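Note that this is a predicted model, so its numbers are computed, not measured. We count ligands from 1, going down the list as the structure has it; atoms in each ligand are counted the same way.
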Amino acid sequence: MAAKEPIGVIGVGWVGLCTAAAFAELGHEVVARDILPEKVESLSRGEVPIHEPGLPELVQRNAERLTFTTDIADILDRTRLLFCCVDTPPTYSGDADLSRVERVVDELGESDEHAIVMKSTVPVGTGRSIKRRREALGYVSNPEFLKEGSAVEDFMHPDRVVIGADDSSRGFADRVGALYESLGGPIVRTDVASAEMIKLASNAFLATKISFINEIANVSEELGADVNEVARGMGLDDRIGPKFLKAGLGFGGSCFPKDVSALKQLAGNSGYAFQLLTSVIEVNDLQKRRAVGKLQKYLGSLVGKEIALLGLPFKPDTDDVREATSLVLAARLQGEGANVRVYDPVAARSAADMLGGSKVCDSALEALDGAHAAVLVTEWPEFAELDWAGDVKQRMANPLVVDGRNFLDREALREAGFTYEGIGR
Ligand code: UGA
């Protein structure tokens, strides 16, 4: 059997570490480089700094094939396919900041033996502009479609693998395609600009689906429909599909908000006003605040009211609070004069700095004790398992629950004497 192609990974954040560990699991030698020595040291000891189910096991199981380094020369010596996984945060203008990507390109120079395989999310046109400056270097666009919380599973069972390259990099693209063959998902071979657009358009479309169902939820509240039933009925249409039709307090995370803005900005820079995305963003911003009005409906002024926020990350199974609804809500509620207590099973302590004057609690019960209302922000399973009818009801000063993810048992709560407010029902 032919030896497996060694892989280089540049930038060991969430995408880089998931990619490195998954290729090691598939039997490849992987050399992963980060510029932070302390990160490289702790990863070399097998310590995984992020909460991602299955990832620590993968890192530990494949430790022999997985090397971490700060030195780019290690990667260039030992590997030819260099997966670029550095981050591309938004700048003040809303464009993606490509300075880290540029640094990587500079480090690779003009080698014709190496190819940069772009996993970082970059604006459409980035590949073409890099190729113009570095003709010899191979360039392959290979966007990632991993979801936080199920990244390992997503990597091993891809819906599709997208590989974009121009003619001069076709050989490298074949080699990248071969890496994914054993996973069995469809491989989409295309040009670089289309591959870059597939990534941005996919995230923008999913975000649009969420803002759409959130608006249907808001109208359903006015007209007496139940958005869960509406989504169920819509989702059975094959052309619509049931996924990403869960109404709630808006989308967050490091990807959707950034990528929707980046695509809108990219369109604007090219002279096209992408009006739909402007609305998607605005609907989402308002949706994050929607719990405030619901609390006021029952409590009137929120001055001096004790409000418990349950859950901090932008979704369960991660400790990531970037663009999380909880942060907007905590600030907004404090702005209304409420006293905010928060509890989260994994993220509360690390996010404490971002929560302003909120009190960080060690348990859901502590947060709920004496509270005038509970707002469920992140659908962690442990919140459904609380003894709402018993312990929780006794502890709360007022039995009001705003279920921001339509996650709790509405009937059971109402039967137990709670005032229950969901989203769109
Ligand atoms: C998203 C995409 O789903 C991935 O395919 C992509 O690779 C990734 O961005 C990226 O670009 O790196 P992720 O940000 O991990 O993945 O999270 P999602 O599971 O997509 O959820 C995003 C947000 O939408 C969460 O706040 C979630 O609560 C919200 N959401 C999701 C809803 O409000 N309703 C839904 O029906 C689904």
Side-chain angles (χ1 to χ4, degrees), residues 11 13-19 50-53 55 85-90 96 118-122 142-155 157-162 185 196 198-218 227-228 230-232 234-235 240-263 280-281 283-285 287-288 290 311-329 347 376-380 403-407 422-424:
W14 178 79
V15 174
L17 188 55
C18 292
T19 304
I50 46 178
H51 180 88
E52 183 60 48
L55 188 60
C85 301
V86 296
D87 57 342
T88 54
M118 190 58 74
K119 272 225 174 284
S120 302
T121 301
V122 293
N142 176 217
E144 60 91 9
F145 299 103
L146 310 178
K147 298 185 289 301
E148 288 187 31
S150 60
V152 174
E153 181 68 18
D154 293 346
F155 190 100
H157 303 102
D159 286 344
R160 81 301 208 184
V161 172
V162 173
E196 291 165 342
I198 289 170
K199 165 69 190 184
L200 289 177
S202 298
N203 273 3
F205 184 80
L206 292 170
T208 302
K209 223 175 158 186
I210 297 171
S211 276
F212 180 84
I213 201 65
N214 281 338
E215 289 221 279
I216 293 292
N218 300 344
V227 74
N228 283 6
V230 177
R232 187 161 67 93
M234 286 171 64
I240 298 172
K243 295 182 180 163
F244 280 69
L245 280 184
K246 258 176 30 213
L249 292 176
F251 58 79
S254 64
C255 303
F256 283 179
K258 166 175 85 83
D259 292 351
V260 176
S261 296
L263 181 53
V280 169
I281 294 165
V283 167
N284 196 53
D285 286 346
Q287 200 68 16
K288 286 185 173 180
R290 201 151 168 93
L312 288 176
F314 76 104
K315 65 175 191 180
D317 270 334
T318 173
D319 55 358
D320 193 343
V321 297
R322 283 177 288 180
E323 301 284 334
T325 296
S326 57
L327 302 182
V328 176
L329 265 184
L376 184 135
V377 189
T378 315
E379 60 274 41
W380 286 108
D403 181 357
R405 302 287 171 189
N406 291 341
F407 179 64
I423 302 292

Check ion pair K199-E144 (N to O, under 4.0 angstrom):
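Here K199 pairs with E144 in a salt bridge, since their nearest N and O are under 4.0 Å apart.
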So do the side chains of R405 and L249 get within less than 4.5 Å of each other, counting heavy atoms only?
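Yes; the side chains approach each other to less than 4.5 Å.
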Residues in contact with ligand 1, criterion: heavy atom under 4.0 Å
E144, F145, L146, K147, E148, K199, N203, I210, F244, L245, K246, F251, G252, C255, F256, D259, F314, K315, R405
Going through the distances and angles, do T121 and N203 end up as a side chain to side chain contact (heavy atoms under 4.5 Å, CB included)?
CA-CA 11 Å; T121 301; N203 273 3; 5.8 Å; no
Could you tell me whether the side chains of N214 and R290 share a donor-acceptor contact shorter than 3.5 Å?
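There is no such pair (donor and acceptor under 3.5 Å, judged by atom type) between the side chains of N214 and R290.
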Do any N or O atoms from the side chain of K315 and from the backbone of G253 form a donor-acceptor pair under 3.5 angstrom?
no
When rounded to the nearest 0.5 angstrom, what is the spacing between CG in D320 and CG in L312?
11.5 Å
